[in-house]
Trainee: 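First the structure, which I've put down as structure tokens, then a few questions once you've had a look.
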Amino acid sequence: MRKWRRTHYTDQLGPEMDGQEVVLTGWVRDIRDLGKICFMVLKDRRGTVQITAPKKVVGEELYEVISGLGRQYCVAVRGVVRAHPEAPGGFEVIPREVEVLSKARYPLPIDPTGRTPAELDVRLDARVLDLTRDEVRAIFIIQHEVLRAVREFLSKEGFVEVFTPKIIATATEGGAALFPVKYFDKEAYLAQSPQLYKEELTLSFERVFEIAPYFRAEESHTRRHLSEFVMIDVEAAFTDAEDVMEVLERLIRHVFKAVKEHCRKELALLGREDLEVPQVPFERLTYDEALELVRSEGFDVPWGEDFPTPALRALGAKKPGFYFITDWPTASKPFYIKPRDDRPELCEAFDLMHGWLELASGGTRINDKELLIRRLREQGLNPANFEHHLKTFDYGMPPHAGWAIGLARLMMVITGKQNIREVVLFPRDKFRLVP
RNA sequence: GCCCCGGUAGUUCAGCCCGGUCUAGAAUGUGCGGCUGUCGCCCGCACGACCCGGGUUCAAAUCCCGGCCGGGGCGCCA
């Protein structure tokens with residue numbers, strides 16, 4: 001079907017083009033048939049334009065075609081631009097020929113104009129149609145810019161983008177529940193993190209990053225958890241936690257600047273024109289300081305434990321922007337995090353927070369094999385299950401550090417959306433496997 | 001997994017507490033008709049729904065129990 005080649009997007013038209021013939025393609029957003037004149041709003045990915053069909057001008061036959069169109073029909077229109085003071089934007093297109101490329105069947109599951117609102121769950125069931133709305137699509141255009149900016153920044157910082165396996169042999173790290181998959185005649189699992197692989201790769205590339213989906217079979221049923229989610233992972237040789245925290249906060253700043261500069265229209269659609277580029281460095285709060293704050297709010301959290309959600313909310317109320325929580329109790333963090341030399345009950349781990357939302361976590365890693373084995377045992381894990389990983393520590397493993405940030409959580413902060421499902425195209429949780 | 005709240009046309013909401021007046025109301029949508037400047041067009045007519053199963057009752061959208069699904073919270077989330 002080559003007959004209809006678009007000559008212009010709707011946002012490339014204007015009253016100064018009066019008299020010019022154009023070919024437009026898109027979807028019928030609205031039809032207003034007044035009897036002897038019919039107005040059709042044509043939408044493409046860049047905007048809308050009014051197609052005006054006066055019966056006397058376009059003739060009986062074409063008038064029937066146009067007034068017979070329905071919302072969300074996919075159409076091509078050949079017509080002439082005409083300046084007209086009463087048309088939106090001061091111009092309209094008088095059609096000469098209209099071809100229906102695809103019809104819509106009614107009833108549509110949601111109103112594509114958004115005038116009759118639908119709940120998120122209903123919208124997700126009809127996600128593809130939901131995405132015809134500019135304000136929904138804006139989220140993902142912003143995400144595209146975020147990813148572009150992340151790659152730009154990390155590349156400039158000397159990081160190499162890599163891919164590590166998403167099908168893995170064993171439940172390497174313990175902890176989070178994994179999804180088992182059949183792998184020929186073996187049982188395998190979907191990766192919950194690239195942690196061990198990215199550490200190993202610092203031995204050769206020194207600085208790597210990976211942007212990929214991960215899978216966790218948790219019971220979590222909250223506004224900020226999904227079973228499948230994209231993480232941006234970074235790992236760097238010859239660095240410690242403080243070094244990579246600086247990379248992280250500068251990255252966040254770079255991303256916010258890029259979004260602010262390149263996604264003005266999309267931010268406006270989401271009511272986020274006021275998005276502020278955060279200043280660096282972000283505030284550093286030690287675990288002990290955070291604990292004290294939380295306790296002063298009346299939460300009885302024992303030393304050594306992670307903060308329960310209500311405590312984090314209280315913390316977020318006091319610290320609404322970006323901040324780090326550092327120097328966590330060693331026992332509260334994974335085995336590969338390096339304990340502090342001076343106080344081994346604490347470790348060189350950090351979390352990046354935005355208000356009460358945990359965005360990223362990272363730290364200095366252990367590069368001493370014997371210590372790593374001891375830490376595995378202390379966490380109740382069997383070193384034999386980490387044979388391949390431990391072997392790489394015999395090849396000159398450099399000291400290294402890194403972090404991982406949840407892409408969707410970052411998108412929640414940028415877009416102001418309160419439910420992670422809003423910022424994921426086709427979210428997966430315990431109760432949703434389709435579409 | 002636990003707690004609270006909810007499930008009514010395609011969508012969004014009313015009715016439910018206090019069972020009968022519900023042949024279930026509205027908006028939007030869809031269909032048909034009318035209308036030459038609309039832009040959430042307007043006017044008229046029509047179409048379309050009580051989540052599933054069981055129970056109580058003369059009678060259930062309404063009360064009770066179970067299930068499924070949804071919203072929120074918590075837990076889990078190295």
Side-chain angles (χ1 to χ4, degrees), chain A residues 29-42 48-58 63 67-68 70-72 82 84-90 92 94 104-126 129-130 171-178 192-193 195-196 214-227 229 231 305-313 328-337 347 349 351 356 358 361-363 365 375-376 378-381 386 404 406 409 418-421 429-432:
Chain A
R29 186 196 167 91
D30 243 333
I31 282 276
R32 288 183 288 276
D33 179 6
L34 274 61
K36 293 204 171 56
I37 185 167
C38 185
F39 300 95
M40 185 248 284
V41 178
L42 179 76
T48 59
V49 68
Q50 176 169 291
I51 310 294
T52 303
K55 195 182 272 185
K56 275 203 312 207
V57 177
V58 303
Y63 192 89
S67 62
R71 272 192 185 167
Q72 202 52 33
R82 183 172 77 167
H84 193 285
E86 282 180 81
E92 59 199 3
I94 311 297
R105 291 188 59 161
Y106 307 111
L108 294 170
I110 55 174
D111 173 9
T113 70
R115 287 169 198 146
T116 304
E119 285 178 15
L120 179 58
D121 189 57
V122 175
R123 289 167 44 211
L124 289 175
D125 281 339
L129 189 55
D130 185 46
T172 46
E173 296 176 48
L178 300 181
Q192 56 156 263
S193 150
Q195 183 62 36
L196 305 186
Y214 298 97
F215 310 89
R216 293 185 189 177
E218 295 298 337
E219 295 291 347
S220 306
H221 189 216
T222 77
R223 289 184 290 169
R224 59 192 187 285
H225 288 92
L226 291 175
S227 317
F229 58 98
M231 278 201 304
E305 298 209 350
D306 211 340
F307 301 108
T309 306
L312 283 180
R313 286 181 192 272
W328 288 78
T330 304
S332 73
K333 288 290 179 184
F335 68 89
Y336 48 77
I337 293 286
C347 64
D351 280 5
W356 67 282
E358 185 191 327
S361 63
R365 322 302 191 184
R375 289 291 301 134
L376 276 167
E378 283 171 10
Q379 300 243 345
L381 297 165
F386 294 81
R409 289 197 178 175
Q418 301 295 308
N419 191 321
I420 198 164
R421 292 160 185 78
D429 61 39
K430 194 184 175 190
F431 302 99
R432 181 176 283 282

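Because only heavy atoms are used, hydrogens play no part in the values below, and waters and symmetry mates are left out as well, while side chains stay in. So you know, we letter chains A, B, ... as the sequences are listed, proteins then strands, and number each from 1.
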Trainee: Between G73(B) atom P and Ile420(A) atom CD1, what is the distance in whole Å?
Mentor: 13 Å
Trainee: Rounded off to whole Å, could you give me the CZ-to-P distance for the Arg32(A) and C42(B) pair?
Mentor: 10 Å
Trainee: Atom CG of Asp33(A) to atom C1' of C39(B): distance rounded to whole Å?
Mentor: 14 Å
Trainee: Mind pulling the stems RNA chain B is in, i.e. runs of at least three Watson-Crick or G-U pairs, everything under 3.5 Å?
Mentor: B:1-7 with B:68-74, B:10-13 with B:25-28, B:29-34 with B:42-47, B:51-55 with B:63-67
Trainee: Decide yes or no, distance alone: a donor-acceptor N/O pair under 3.5 angstrom between the base of C74(B) and the side-chain of Thr309(A).
Mentor: no
Trainee: Has the side chain of Arg224(A) got a donor or acceptor atom sitting under 3.5 Å from an opposite partner on the base of G75(B)?
Mentor: no
Trainee: Stepwise, does the side chain to side chain contact (heavy atoms under 4.5 Å, CB included) test hold for Ser227(A) with Arg432(A)?
Mentor: CA-CA 9 Å; Ser227(A) 317; Arg432(A) 181 176 283 282; over 6 Å; no
Trainee: Looking at Asp429(A) and Arg223(A), is there a salt bridge between them, counting it only when a charged N and a carboxylate O are closer than 4.0 Å?
Mentor: no
Trainee: Of the options C76(B), U38(B), G10(B), whose atoms approach the side-chain atoms of Pro107(A) most closely?
Mentor: G10(B)
Trainee: Using atom P in both nucleotides, what's the gap between C5(B) and C50(B) to the nearest angstrom?
Mentor: 25 Å
Trainee: Check the distance between U30(B)'s P and Ile110(A)'s CD1 and give it to me in whole angstrom.
Mentor: 14 Å
Trainee: Check this for me: does the side-chain of His221(A) come within 3.5 Å of the base of G75(B) through a donor and an acceptor?
Mentor: no
Trainee: Quick check: Phe386(A) with Phe335(A) (ring centres under 6.0 Å apart)?
Mentor: yes
Trainee: Would you measure the distance from the C1' atom in G55(B) across to the matching atom in G19(B) and give it in whole Å?
Mentor: 15 Å
Trainee: Please state how far atom CZ in Phe431(A) lies from atom C1' in G1(B), giving the value in whole angstrom units.
Mentor: 9 Å
Trainee: N/O contacts under 3.5 Å, protein versus nucleotides 12-15 of chain B?
Mentor:
from   : atom 1 : to        : atom 2 : distance (Å)
U12(B) : OP1    : Glu119(A) : N      : 2.8
U12(B) : O4'    : Pro117(A) : O      : 3.3

Trainee: Nearest whole angstrom, please: distance from the P of G40(B) to the CG of Leu34(A).
Mentor: 13 Å
